[in-house]
Amino acid sequence: MLRLLTALNLALLILFPIAWAAPLMRAGLLPLFGLSEISILSGIGTLWTEGEAVLAVLVALFALAAPMAKTMALALMHLSRAPLTLLPAVQLLGKLAMADVFLIAVYITLAKGIAVGRVETAWGLWLFTACVVMSFGIALATKRMARRGNLV
């Protein structure tokens, strides 16, 4: 079981960066014009260039830093390179990452409700959400294994 968790967790080190660059949604002002693809990275870049540095940093923290720090901490615990006492901090990082998925969902819901433009979800949203959920599951399984003493 530990090998499976380690393999899945290491896969996240590859899947998270792909999800960050993948299109989360396609948005356009009018249905007649083409839709622009928006990814996490392009969204952060747009926020930064438009003077919303604080918001850009918060999104980068929730969407990039928190999931990657959590993934690396779990990998180190699985490989016996970090103490299991880091598990509470890892769970906090997981909550921060899930907050980002919630904010994206709220944005899509609001944009669809305005009805001036058009917003479509794209495959990157599903990939990013799957990565966050998989990371949550890995952390939960790691915690259970640590309680039982199966994680050394």
Side-chain angles (χ1 to χ4, degrees), residues 1-27 35-113 119-152:
M1 180 70 166
L2 180 59
R3 286 186 186 194
L4 176 63
L5 287 177
T6 304
L8 289 173
N9 200 42
L10 293 175
L12 285 175
L13 292 173
I14 297 167
L15 292 174
F16 266 124
I18 293 170
W20 298 334
L24 296 174
M25 64 188 95
R26 293 177 197 87
L35 299 176
S36 300
E37 289 189 339
I38 300 167
S39 69
I40 291 172
L41 294 177
S42 71
I44 292 169
T46 300
L47 287 170
W48 188 267
T49 58
E50 292 188 4
E52 297 291 341
V54 174
L55 190 54
V57 169
L58 284 174
V59 171
L61 175 69
F62 290 157
L64 308 179
M68 194 53 74
K70 177 184 177 182
T71 302
M72 288 190 290
L74 283 171
L76 291 172
M77 283 186 261
H78 292 159
L79 299 170
S80 299
R81 303 280 188 229
L84 296 177
T85 55
L86 288 177
L87 275 174
V90 165
Q91 290 175 324
L92 175 64
L93 289 171
K95 289 176 184 175
L96 289 176
M98 199 61 212
D100 195 57
V101 172
F102 173 74
L103 291 175
I104 292 168
V106 167
Y107 173 76
I108 291 171
T109 303
L110 288 174
K112 285 187 173 205
V119 176
E120 299 173 355
T121 58
W123 65 273
L125 179 62
W126 295 103
L127 177 60
F128 183 68
T129 303
C131 287
V132 171
V133 170
M134 189 163 81
S135 179
F136 176 75
I138 291 168
L140 188 61
T142 301
K143 183 178 177 181
R144 286 184 182 158
M145 286 181 70
R147 271 196 217 146
R148 294 180 189 148
N150 296 340
L151 192 65
V152 179

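Side chains included, hydrogens not; waters and symmetry mates left out as well; all remaining heavy atoms used. It should be emphasised that the depicted structure is a prediction, and the values quoted were computed from it without experimental measurement.
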TODO: Output all residues satisfying salt bridge (charged side-chain N to carboxylate O under 4.0 Å, His left out) with Arg147, sequence neighbours left out; order by chain, then residue number.
DONE: none
Heavy-atom side-chain contact between [X] and [Y] under 4.5 Å:
X: Lys143; Y: Leu84; value: no
X: Leu47; Y: Val57; value: no
X: Met25; Y: Leu125; value: no

Can you give me the closest heavy-atom contact between [X] and [Y], atom names plus distance?
X: Leu93; Y: Ala69; result: CD1-CB, 3.8 Å
X: Ala19; Y: Ile40; result: O-CD1, 4.4 Å
X: Ala22; Y: Gly124; result: CB-CA, 3.6 Å
X: Leu10; Y: Ala75; result: CD2-CB, 4.0 Å
X: Phe16; Y: Pro67; result: CZ-CB, 3.5 Å
X: Val90; Y: Ala139; result: CG1-CB, 4.3 Å

- [ ] Can you sort out the partners of Thr71 under side chain to side chain donor-acceptor pair (under 3.5 Å), two or more places apart, ordered by chain and number?
- [x] none
Task: Which residues share a side chain to side chain donor-acceptor pair (under 3.5 Å) with Ser39, sequence neighbours left out - done: Ser42
Supply the atom-to-atom distance [X] [atom1] to [Y] [atom2], rounded to the nearest 0.5 angstrom.
X: Ile18; Y: Trp123; atom1: CD1; atom2: CH2; value: 7.0 Å
X: Leu140; Y: Gln91; atom1: CG; atom2: CD; value: 8.0 Å
X: Met145; Y: Met77; atom1: CE; atom2: CE; value: 12.5 Å
X: Glu52; Y: Leu58; atom1: CD; atom2: CG; value: 11.0 Å
X: Leu76; Y: Leu86; atom1: CG; atom2: CG; value: 8.5 Å
X: Thr142; Y: Leu5; atom1: OG1; atom2: CG; value: 5.0 Å

Open item on the list: Has Ser135 got a side-chain atom pairing as donor or acceptor with Cys131's backbone, closer than 3.5 angstrom?
Closed with: no
Open item on the list: Set out, in order, the CA-CA distance, both residues' side-chain angles and the distance that settles side chain to side chain contact (heavy atoms under 4.5 Å, CB included) for Ile44 and Trp20, then state yes or no.
Closed with: CA-CA 10 Å; Ile44 292 169; Trp20 298 334; over 6 Å; no
Task: Candidates Leu12, Thr6, Leu4 - the one meeting side-chain contact (heavy atoms from CB on, under 4.5 Å) with Ile138 - done: Leu12
